[in-house]
Amino acid sequence: MAADVIMTARPVWAVLISTAAALLIMASGRKPNLREFWTLAAALLKIGIVYSMLPMILQGNILISNPLILSPGIELFFQVDAAGMLFAALASVLWFLTSIFSIGYMRSLHEAHQTGYYASFALCLTAAMGIAFAGNLLTFFVFFEMLTLATYPLVIHERTDEALRAGRQYLVYTLISGQLTLIGIILVYQIAGHGNFMPGGFMSGIAGTPALVGIFLLLMAGPAVKAGMMPFHGWLPSAMVAPTPVSALLHAVAVVKAGCFGVLRITGYVFSPQSLQAIGVAKPLAWLAGATIILASLIALTRPNLKQRLAYSTIGQLSYIILGAALGTTSALLGSFYHLFAHGIMKITLFFTAGAIYTKTHDLEIRKLSGLGRTMPLTFCAYTFCALGIAGMPLAVGFISKWNLLLGTVESGQGGFAVVLIISGLLACAYLLPVAYSAFRSEVVPEMEHIKGEPNLWTLVPLLATTVIALILGIFPDAAGHFYTLAQMAADNIMTGTY
Amino acid sequence: MSVAIFFSYVIFWLIALLYVSGFFGMMEHNHLVKKLMAMNLMQTAVILFFLLLGQKIGGITPIAVPGITDIDAYANPLPQALMLTAIVVNLSTTGIALTFLIVIKKFWNTLDESEIMRRMDK
Amino acid sequence: MKQKHSSIILEVAYRLLIPVLIVFGVYVLIHGEYSPGGGFQAGVILALAVILNRVLEPADVKKNYWTYKTIALAGMGPVIYMMTGLLSIPFGGHFLEYGLLPLPVHEVERHLYGILFIEVGVTLGVMATIISIFDSLGKVGDPDERGNLL
Amino acid sequence: MAHIPVLVVLVPLLTALVLPAINQLLPRITQAFFKSALLANVVLAVLAMRHVVTEGPWHYWLGNWEPPYGIEFVLDAMSATLVLVAAGMAFVVALYARPFFNLDEAGMETRTLFYVLFTLMTSGVIGVAIAGDIFTLYVFIEIASISSYGVVAMGGGRAAFAAYRYLILGTVAATFYLIGIGLIFAMTGTLNMAQLSEMLPPLMRSPAIIAGMCFIILGLGTKTAMVPLHSWLPDAHTYGPTPAIAFLATALLKAFSYAIYRFMYQIFGGHAQPVTALALQVLGGLAAAGILYGSVMAIAQKDFRRMLAYSTIAQISYIPLGIAIGTPAAIAGAALQVISHSMTKGCLFMVKGGMHLKLHTTQIDDLGGMSRSMPISSFALTVSALSMIGLPPTSGFFVKWQLLRGASAAGLNWMMIVLVLSGLLNAVYFFRILENVFIRKPNQEAHADEGPHGAVLGIKPELPLPMLAAMLILTFGILAVGVGSGWLTEHVFSLIDLAGGGV
Amino acid sequence: MMFVIFLSLLLLIILITGLIAVFLPRLFGSGILFSAFSFFVVLAYLLLSAPDVAFTEAVISVISIAYYVIAIRELRKGDLE
């Protein structure tokens, strides 16, 4: 199916709208209500723009806009295809929900530096949107680095020494890996003459195997670090010092998903699954991802703090996506793309619940959360449902992606990884469900007895909304946003090599 | 080797020696005024070098003399014109450097370079 | 200040030297095309005359010399030079193309006049510059401030 | 308009010369005159650039005498870039300088003296850019250098000593240069660049030419502060008055690097000549050493001023690095660095001046709370720091991109590593500063003294408006050049004639 | 022939006076020697058939000696007080 190319400026608007919002937020720092109005308005507008492109994508077209042809070979250009659309839709929807949640969270905790917080948040979304729509490696890299910078103020939001240390660690990891990626990108431009993403890649066979392996490793450095693949995951748990909405953003939407998305772009649109097999990096990558899944789940078991536990859970879950990319069959890729979305929606719910609980308890020690399920039934119901979803329970959205990944392992003839996936699901139950269990069944610890009632509505509504989305999409995977179709289109694109 | 050629080598060596001694005097001397003088030595060496370049054996002064129209008879005037400029540059450099010296003297109350360097790090 | 301890003979010799220097300077300026010399040398000689005069002055008078006027004058000399050069532009020439200067004489002569103008400018500039550097050497050293030139 | 090449030098020169007189006669209009002259010069530079872009290189003969006898001015894409940078920076710095000196309590006349020297320096830099023969080049180099010595010395006693050392080394460099051109002149009998480039190739094996080339590189390298010859720079840049340094570290140093480029490619034949190619390799090695040395030393500094000075050593070496690589992309990167680093470092020095005036300190540890008291300056600081590190979308990133492209095209992988490493080292010291500026609490004693200038014109806690305007012009320039770098590469830098370029 | 020998002798003298001027410990004395140095340099320029340069150097050396003397006097002021 040859796709039609439609020239449109909409991707540019989608990217710029949150930059404009950031500026407006900075300008109206003195008036909290106006400031938050800008955030919400921009989020809604962004959803509108992104979704207005959806029908065209679903018809099999791709949208291109060329805001800046810098020079032959260096152009900043946007190209919307199914994969990009998937990520963009996810990011824009979740930005809106996170914004609502942040308002509730920040206000109930009376956090300082809120203006900078919302502005950085908007900039993060600009970057995420840019990554989603990037049509070539240069554009991708520009927004990738921008994401690093925009996230840094969020990580150090608390301004404590611990936060600063975490921020520094974050910068060290991401900047170094980003620069390695830059070298890789330069080499790609040098060898291939361009860096435009193409389904099925454009690198196969144009250089010797060692060169291609080197380029692949360099290119993967940045995305892999952002995706928290072991052994480069160190920044992620320490970045947990940030406020919970930030963690939600970091771990569900922007940073880590951008990393995963980058991995998919590189494995599917710069290289191709076949060429990865040919140069022999697919296997090691899959093993690394599998090891990460198991190890991260095991570490998560040992963590006493809910946020830490969620962080390690994230590390494990993200490697599903990398695993799918490394397996490189249609189902596996479909599973990967869908997991991008599914994990996003579930993990953000989990972080929302953690944040909502934190606004009431000011503590996230798992031991101290026991019995709170009875005072906050809705919150903990949402938590339980999404925890089960992470583990891969049918009817939750996580099941769909995991099912496809399992199919993929079988298709690719590496059934061993199916075992990894199943063990990981069991481990997920083991580290997430005890929290829910004790919340509903155990006694309230003495210092938490004063907690009464559900968290405030601003925080409650978004987390319920995401839970409902997770439920509905678990039953009808292709509802509303057509995420399943998009994932399927993306996987097909990669496998067939055409749009 | 004829004596003339030997001495023409000697001339260049002497100029080089002048230059090098100026250079090392400038680098090694601790006294700032002496440094400046050594710098002037260097500049003089360069000017001499340039003038030698325009020199022809038996060439005459490049000022129009009635009756001699053959251009080759005159020494090349271009290096001389250039050197006028260079001399002017040298003079202004010297003047500015001396002004600096007076300011330095007022501020540090010494003209010993290593002493000033030591105090500068403080 | 014990300025007056220098010998009378020397002082008289200096005073006699000054007018001679001025005359010689002007000669060098005018005669620049035919013999060694020119605007620059003339400027230096004239400056020498002024400096000799300065040397003879008592110290308290000297303090007031570091004035801006010398520098302003130093600037004006090259301005004459450049204006002469620029003058040929409106008459269709390039910068410094004296052959096109608006003078009612033959073209070869125009060259000479053009060069003369320029030499006058150079003389003025050089003279004033040298004097101002000389003055500044005497002035900057006043032990009043933290050694700050500004 | 046919006389722009000469006017672009003459306007600042004339301004410098008549400024003292105007200050004597009409003190009120001095500033207006000075600034409008520099603005006019910017316009001239833009016109020159447009002419070069549309109609190609421009040769101008003074007095309409042909090159072997007369002086020639040449404007091509590279020199037009430098002219534009010099004119633009001069104007921006002039904008900045007035309130700076007002706050610094300088005397009226000495201040005018500063403007005179500063404008002379500008004309010197522009002259270096457009000189068409190597002796005229020398004269303009000396005009620029001597006025820069004077300007540096205006910062007080320490600055005078720094300026003295600068003068000594600068004069040595000038004599080196002079010897070099003497040797070349002895071999060829001409000083015109175009003629030299025709006459030199058969002579390239002769020892005199090789020695001349070494002397010239040594001389210009000292003036550019290439690494073993950099010792004058840190002190001079630390103690000199801020507006002067903002120009010195930007346009002036670029002029000398530009002269190196001119010699290597337009006279000595670039990579096509084996000898020159060898020299370029050495140059590249030195530049790489300079990049690493400067970055490492910058990390070790506790004083913001000194850190900037070392960072200048590192950043300025990008240009010789690009020249050494010598592919079109790398040369475009070097040309882009001329623009980018000028704006970035200029902006940083201006912020430094602001700190000096407002916080009375430039120690990095005392900068806490600066984002509160000087938000706009902090914004400018952030953007320029990002450009220094080389993160998109600032111009610094595109410089790095071009240089990396060039290095990879030439197969010089170690240079890619050096460039990337330099970006990371820059990140180390700039993020330390940003952390102090934005996050640390104000240091009590540093801010207790609001000074006598608490209520100057402009936004109250911030700097006066012209200073802010200057910074913001540069800040947005950094972003604009970053975004527009492709346009520049395609329309301007592609016109750079690379004799023997391309590996 | 004579010319060359004479020139090299002159250069030798220039070298020696210059070196003594630089390495003489007394400031004022070295100023005086420096003027001698300048004089020999003027002679050398004349010998190199560059009267124009020689003339310029002559007047300039007077000026620069004057600069040196004035500056040295200023520099010594502080030492005496």
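Values below: all heavy atoms of this structure, side chains included; hydrogens, waters and symmetry mates excluded. Naming: A, B, ... by sequence-line order, numbering from 1 per chain.
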With a 4.5 angstrom heavy-atom cut-off, which part of E/V53 approaches chain B: side chain, backbone, both or neither? both

Counting heavy-atom pairs under 4.5 Å with chain B, the top scorer among E/S30, E/S64, E/A21 is E/S30

So, taking the atom named CD1 in B/I96 and the one named CG in B/L36, what distance separates them when rounded to the nearest 0.5 Å? 11.5 Å

Heavy atoms of E/G31 and E/I65 approach each other most closely as O-CD1, 4.2 Å

For chain E, which of B/N90, B/I47, B/I104, B/T94 has the most heavy-atom pairs under 4.5 Å? B/I47

Contact leader toward chain B among E/I63, E/V22, E/L24, where contacts are heavy-atom pairs under 4.5 Å: E/V22

So which of E/V41, E/L27, E/L12 has the biggest tally of heavy-atom pairs under 4.5 Å with chain B? E/L27

Rounded to the nearest 0.5 Å, the CG atom of E/L11 sits from the CZ atom of B/F12 at a distance of 10.5 Å

Is any residue of residues 16-24 of chain B within less than 4.5 Å of chain E by heavy atoms, and which ones? B/L17, B/L18, B/S21

Which distance, rounded to the nearest 0.5 Å, do you find between the NE2 of B/H31 and the CZ of E/F23? 13.5 Å

Separation between CG (E/D52) and CD (E/E57), nearest 0.5 Å, reads 12.5 Å

Answer yes or no: are there more than 12 heavy-atom neighbours, outside E/F39 itself, under 6.0 Å from its atom CZ? no

With a 4.5 Å cut-off on heavy-atom pairs, point out which of B/I87, B/L101, B/I15 contacts chain E the most. B/I87

Ignoring hydrogens, what is the shortest heavy-atom contact between B/L98 and E/A71? Give both atom names and the distance. CD2-CB, 3.7 Å

With a 4.5 angstrom heavy-atom cut-off, which part of E/F37 approaches chain B: side chain, backbone, both or neither? side chain

Output all residues satisfying side chain to side chain contact (heavy atoms under 4.5 Å, CB included) with E/L10, sequence neighbours left out; order by chain, then residue number. E/F40, E/L43, E/A44, E/L47

Contacting moiety of B/L111, where chain E heavy atoms sit under 4.5 Å: side chain

Residues pairing under salt bridge (charged side-chain N to carboxylate O under 4.0 Å, His left out) where one sits in residues 29-52 of chain B, two or more places apart or in two chains, turn out to be B/K35-B/E113

Residue pairs passing the salt bridge (charged side-chain N to carboxylate O under 4.0 Å, His left out) test with at least one member in residues 37-52 of chain B, sequence neighbours excluded, are none

Examine whether an atom of E/Y67 lies under 4.5 Å from a heavy atom of chain B, and if so say whether it belongs to the side chain, the backbone or both; otherwise answer neither. both

